[in-house]
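We count ligands from 1, going down the list as the structure has it; atoms in each ligand are counted the same way.
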Amino acid sequence: MTGALPVALAAEGVTVTTLVPGYPSVLEALEQHASLRDMPNWFGGPARLLRGRAGLLDLLVLDAPHLYARPGNPYVGPDGRDWPDNAQRFGALARTAADLAMSGEADILHLHDWQAGLAAAYLHQDRGSTPVVTTIHNLAFQGIFPAGALTELRLTPNLFTMDGIEYHGAISMLKAGIFYANAITTVSPGYAQEIATPEGGMGLDGLLRARGSRVTGILNGIDTSAWSPERDPMIDHRFDVAHLQARAANKASLQKYFGLAPDPSAPLCAVISRLTWQKGLDVLLEAVPDLLRNGMQLAVLGSGEPVMQAGFAAEAGGHPGRISCQFGYDEALAHRMQAGADIVLVPSRFEPCGLTQLCALRYGAIPLVARTGGLADTVIDANAAALAAGVATGFQFFPVTRAALSLALHRAASLWQNQPVWRKMQENAMRTDVSWAAPARAYAELFRSVAER
Ligand code: ADP
């Protein structure tokens, strides 16, 4: 989002400068930069604030080697646990953002998730007046740290109350971002409603309800220049909505790559996902017999929980030619799967927006999704009314159980038999606007209304 939205916002007359941690890959990508300021002791070590460009983005980079110069994942160490100094790492980032706002460098401060949330608290502490918009990408990650970190984070104790940053005796960075913001967005309207309920609120629903109409949902887009079946350099055979037949060759090469039977008539289902509880893939594992009974094939690309990985590996071993997996993160393969699969499965238990189904729509791979959050907002279920109106783009099921998923798989397999209808669904899917244009308009409008208030 922070890569694509600024570019789309430029078309709306909004200029964005993005502050990011100086991860090794960020510093590598930074072009023609200059050092704006030196901070000799910034949360435990020396730091510099750099200004430069990376591609189409204007960046401010917090170059603090003691906090960010490490290989691998930005949030967790090689052992899969949170980096032990995450409070300092993101406290430093947030404090830098608040300093920039305090020096009058921004009309609006737009914060993303818990990693930036504390900036709203610092600004409040400094009596700053820059309006703050906080975007919640996933409420499951809240940035909770022991109260003992308060001094080190340079926070005054009076903020440590229920009406502030305190959360069950600890500091919550996401709560800070929600509590002190002038407006809060999440990445789909459906998720905005769900997080205001006890079932979906992950302990913050009370606060979100209290923030009332300041909480809204704006759907994410995808980068339609990178995700474009007409031009995609990563796929074997390019296509567009008028030349869908090229998908057959992509399907054949995908079947070959995954070692699946080269059968054009078997609906090829794909999963491209983190393998975690959120994504509901344990339920898909339960439903494998139903998938096979419907004559479908399954190709899985993912990484995550070892137990789930083992589960898919076992199914692949037990059903050669029908089920196959590749574990790891592979951007190019994800593109090839979107271009060749008939169905993309997203059985998430909750999904703030979901990008996989948006890519699937764009590539004419029919999304079969759980009716939750952004999935419910972006896929039109092929029920009788939608089929009669000729507007269906995929399949929805609920609740996230084997029975409901199996029923949806069966519905998909039945409709697959009617290729003209299937083709129409693919065309509808590919014509869906999944770009950042409409979301950028909505953000520009929100920024203007918040600035005027
Ligand atoms: P989340 O951010 O919760 O993981 P999203 O659907 O919002 O889920 O975004 C994840 C994006 O990364 C999607 O576009 C998905 O297809 C892609 N992705 C997930 N796992 C992999 C993987 N192993 N290899 C390549 N792309 C992946």
Any protein heavy atom sitting closer than 4.0 Å to atom 10 (C) of ligand 1?
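Not a single protein heavy atom is under 4.0 Å away.
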Ignoring hydrogens, tell whether any protein atom lies closer than 4.0 Å to atom 2 (O) of ligand 1; use the non-hydrogen atoms only.
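It does not; no protein heavy atom is within 4.0 Å.
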Nearest protein heavy-atom contact for [atom]: which residue, which atom, what distance?
{"atom": "atom 13 (C) of ligand 1", "value": "Thr356 OG1, 3.5 Å"}
{"atom": "atom 4 (O) of ligand 1", "value": "Arg274 NE, 2.7 Å"}
{"atom": "atom 22 (C) of ligand 1", "value": "Tyr329 CD1, 3.4 Å"}
{"atom": "atom 5 (P) of ligand 1", "value": "Leu355 N, 3.6 Å"}

Taking atom types as modelled, find out whether [X] and [Y] have a side-chain donor-acceptor pair closer than 3.5 angstrom.
{"X": "Ser253", "Y": "Asp236", "value": "yes"}
{"X": "Tyr329", "Y": "Glu331", "value": "yes"}
{"X": "Gln278", "Y": "Thr276", "value": "no"}
{"X": "Thr185", "Y": "Thr135", "value": "yes"}

Would you check if the side chain of Asp113 reaches a backbone N or O of His137 as a donor-acceptor pair within less than 3.5 Å?
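Yes, the answer is positive, given that a donor and an acceptor are paired below the 3.5 Å cut-off.
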Could an N or O of ligand 1 be found under 3.5 Å from any N or O of Lys279, whether backbone or side chain?
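Indeed, backbone or side chain, Lys279 has an N or O that close.
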Under 3.5 Å between any N/O of Cys359 and any N/O of ligand 1: does that happen in this structure?
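Among all N and O atoms of Cys359, none is under 3.5 Å from an N or O of ligand 1.
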Enumerate the atoms of ligand 1 whose separation from the nearest heavy atom of [X] is less than 4.0 angstrom.
{"X": "Gly328", "result": "22 (C), 23 (N)"}
{"X": "Ala334", "result": "25 (C), 26 (N)"}
{"X": "Asp330", "result": "24 (N), 25 (C)"}

Take Tyr363 and Asp232 through the side chain to side chain donor-acceptor pair (under 3.5 Å) test and state the conclusion after the steps.
CA-CA 10 Å; Tyr363 281 65; Asp232 192 334; 2.6 Å; yes
Run His66 and Phe43 through ring pair (Phe, Tyr, Trp, His ring centres under 6.0 Å) and show every step you take.
CA-CA 9 Å; His66 65 293; Phe43 292 75; 8.8 Å; no
Starting at CD of Glu315, measure out to CG of Leu284 and round the result to the nearest 0.5 Å.
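Result: 9.0 Å between the selected atoms.
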Is it true that Pro352 lies under 4.0 Å from ligand 1, counting heavy atoms only?
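No.
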Under 4.0 angstrom from ligand 1, any heavy atom of Ser273?
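It does, in that a heavy atom of Ser273 comes within the 4.0 Å cut-off of ligand 1.
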Could you tell me whether Glu445 and Arg441 have a side-chain N and a carboxylate O separated by less than 4.0 Å?
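Arg441 and Glu445: not salt-bridged.
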